[in-house]
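In the text below, chain A, chain B and the rest are named by the order of the sequence lines, each starting its count at 1. These values consider heavy atoms only, across backbone and side chains, with no hydrogens, waters or symmetry-generated copies.
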Amino acid sequence: MLGMGDFYYKLGVQIIDVCLALKHRNGGLITLEELHQQVLKGRGKFAQDVSQDNLIRAMKKLKALGTGLGNIPVGDTYLIQSVPAELNMDHIVVLQLEEKNGYVIVSDIKASLKWEMEQAQQGLEHLLKEGLAWLDLQAPGEAHYWLPALFTDLYSQEIIAEEAREAVP
Amino acid sequence: MDRFVWTSGLLEINETLVIQQRGVRIYDGEEKIKFDAGTLLLSTHRLIWRDQKNHECCMAIPLSQIVFIEEQAAGIGKSAKIVVHLHPAPSNKEPGPFQSSKNSYIKLSFKEHGQIEFYRRLSEEMTQRRWENMPVSQSLQANRGPQPGRIRAVGIVGIERKLEEKRKETDKNISEAFEDLSKLMVKAKEMVELSKSIANKIKDKQGDITEDETIRFKSYLLSMGIANPVTRETYGSGTQYHMQLAKQLAGILQAPLEERGGIMSLTEVYCLVNRARGMELLSPEDLVNACKMLEELKLPLRLRVFDSGVMVIELQSHKEEETAASALETVSEKGSLTSEEFAKLVGMSVLLAKERLLLAEKMGHLCRDDSVEGLRFYPNLFMTQS
């Protein structure tokens, strides 16, 4: 109700910057954690600390601009949608399934959500089209649909060319 | 510092990651030690620190070893810290970086921020104590601390217990002090309600109060940060502030608009204007309200809302027919284009490029090819070659 001031408006600009910068990689979907880390990085050492709650409030304020900055609850955190992609309930539920392992396969969807093949396929294809999911046909077993938004530090590390060559058998 | 054990850093079954933070330095008591740059991970069972330069160097402390934690605010040249008070190491502890230490606490220094969130999560885990319900392999089940009810007053454990009691006492005092603050917040709410009701009364008695005074009162409300409840959705009412702002925006945005094909989304405008200002930033609401007045004030820009809800500022000279025709030309030259390709060619954002192509499609100039590979637009040959 009462004014929020420069802190939140500036934070709004920084959030928009981060979403734009990473959009090519995750299609416009990012976890609240990653957004938090990236915003902290961008603010530098001497700036004030920022909590996840601050980010959520700043995004609420930004809604007035007609942006598509939506939050999707998954697990015990949120996925932030920075590009207005049309996601209906089906798509959101698939995203929530993906949160467990970072990817999902059609059999998982059929087993936990009790959907028919057609519905599962359509949902996954829509996510592919919007650039939110990546198709992996080289995975063992069924095709894996990965969510780049969920690639965390735990799975990826900065490695140099040497290490990359040694890692491949 | 002798409570840490070497670990591979891999999580056990039933152990989940809660939060992690880069750029954390460890202090043994007050002393700096060689572990100065690492990633700190909090799981449901442990606090793990991994060296950023040497990933092999990785150590952990079970959360059950922690007595309590405190926050230490940042200072000039000093990062914010969390102080972690620990139980003594159990005799069967696995090997770690230090065999012995005279300190029973460590400090975690957050050189790249993240301390607020980390402290919150660590406090939560300390309260929930999830490691007690989810057993993992033996090596993690270190000292579980004394059973509740048996407060031993001897030795280091005794001192730590006493510190815990003192902390609880301080906590209670602080919550009592904050009761006053909650009362203040209730009063503030009442004040806001009062202003709202006055504003409404003014609206009803429109005839008795001059236009000027109404505008002045509304601007007082706005300066307190209260959204004006009396503004109607039409471009009719607005305050002096918004009118001035609108004129200012017209000046600032002329050049950037021309660089970007005559159109910018409100998000882009918000970032551009606030970056230029540095201080006294605009709120999103102020920006929207000022933009709503652009057309009425006969300025060379206008606000437009697309069907999808996207809001843009465009030059008045921007005519729909022309842009759709030029979009057709660009697409025909290249055979076909996606929104990303079109955006790159014309120098506008992908979002707006998509809107322009959709508009051209609506007018019948383009038709779409919708597949898993994305949305591609072609010149509408059905129209031209029938």
Nearest 0.5 Å, please: how far is CG in Leu20(A) from CD in Glu268(B)?
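Going from the CD atom of Glu268(B) to the CG atom of Leu20(A) covers 8.0 Å.
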
Relative to chain A, which segment of [X] carries a heavy atom at a distance below 4.5 Å: side chain, backbone, both, or neither?
{"X": "Ser371(B)", "result": "backbone"}
{"X": "Leu375(B)", "result": "neither"}
{"X": "Leu287(B)", "result": "side chain"}
{"X": "Val269(B)", "result": "neither"}

Counting heavy-atom pairs under 4.5 Å to chain B, which of Val13(A), Asp49(A), Leu128(A) comes out on top?
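That would be Asp49(A).
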
Top of Glu33(A), Glu125(A), Gln37(A) for chain B proximity - count of heavy-atom pairs under 4.5 angstrom
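Ranked by heavy-atom pairs under 4.5 Å with chain B, first place is Gln37(A).
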
Determine the option with the most heavy-atom pairs under 4.5 angstrom with chain A, choosing from Glu340(B), Arg275(B), Lys111(B).
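Answer, by heavy-atom pair count under 4.5 Å with chain A: Arg275(B).
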
Heavy-atom pair of closest approach, residues Ile116(B) and Ser51(A):
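Heavy atoms of Ile116(B) and Ser51(A) come nearest at CG2-CB, 4.0 Å.
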
Closest contact, heavy atoms only, Ala64(A) versus Val288(B):
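Closest approach of Ala64(A) to Val288(B), heavy atoms only: O-CG2, 3.3 Å.
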
Any residue meeting side-chain contact (heavy atoms from CB on, under 4.5 Å) with Glu71(B), in chain and number order, not counting sequence neighbours
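Checked Glu71(B) against side-chain contact (heavy atoms from CB on, under 4.5 Å); matches are Gln115(B), Tyr119(B).
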
Decide yes or no for Gln48(A) and His113(B): does some side-chain heavy atom of the first lie under 4.5 Å from some side-chain heavy atom of the second?
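No, too far: nothing below the 4.5 Å cut-off.
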
Set out, in order, the CA-CA distance, both residues' side-chain angles and the distance that settles side-chain contact (heavy atoms from CB on, under 4.5 Å) for Arg120(B) and Asp53(A), then state yes or no.
CA-CA 11 Å; Arg120(B) 184 173 79 83; Asp53(A) 187 59; over 6 Å; no

Are the side chain of Gln52(A) and the backbone N or O of Glu117(B) linked by a donor-acceptor pair below 3.5 Å?
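No, because the side chain of Gln52(A) does not come within donor-acceptor range (under 3.5 Å) of the backbone of Glu117(B).
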
Do side-chain atoms of Tyr270(B) reach the backbone of Tyr9(A) as a donor and acceptor pair under 3.5 angstrom?
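At least one qualifying donor-acceptor pair exists.
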
Atom OH of Tyr78(A) with >12 non-hydrogen neighbours under 6.0 angstrom
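Counting neighbours around OH of Tyr78(A), 12 or fewer heavy atoms of other residues, nucleotides or ligands fall under 6.0 Å, so no.
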
For Glu112(B), enumerate each residue passing the salt bridge (Lys or Arg N to Asp or Glu O under 4.0 Å) test, keeping only those at least two apart in sequence or located in another chain.
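Counting only residues at least two positions away or on another chain, Glu112(B) forms no salt bridge (Lys or Arg N to Asp or Glu O under 4.0 Å).
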
Can you say whether Lys10(A) sits under 4.5 Å from chain B via the side chain, the backbone, both, or neither, judging by heavy atoms?
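Contact with chain B involves both backbone and side-chain atoms of Lys10(A).
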
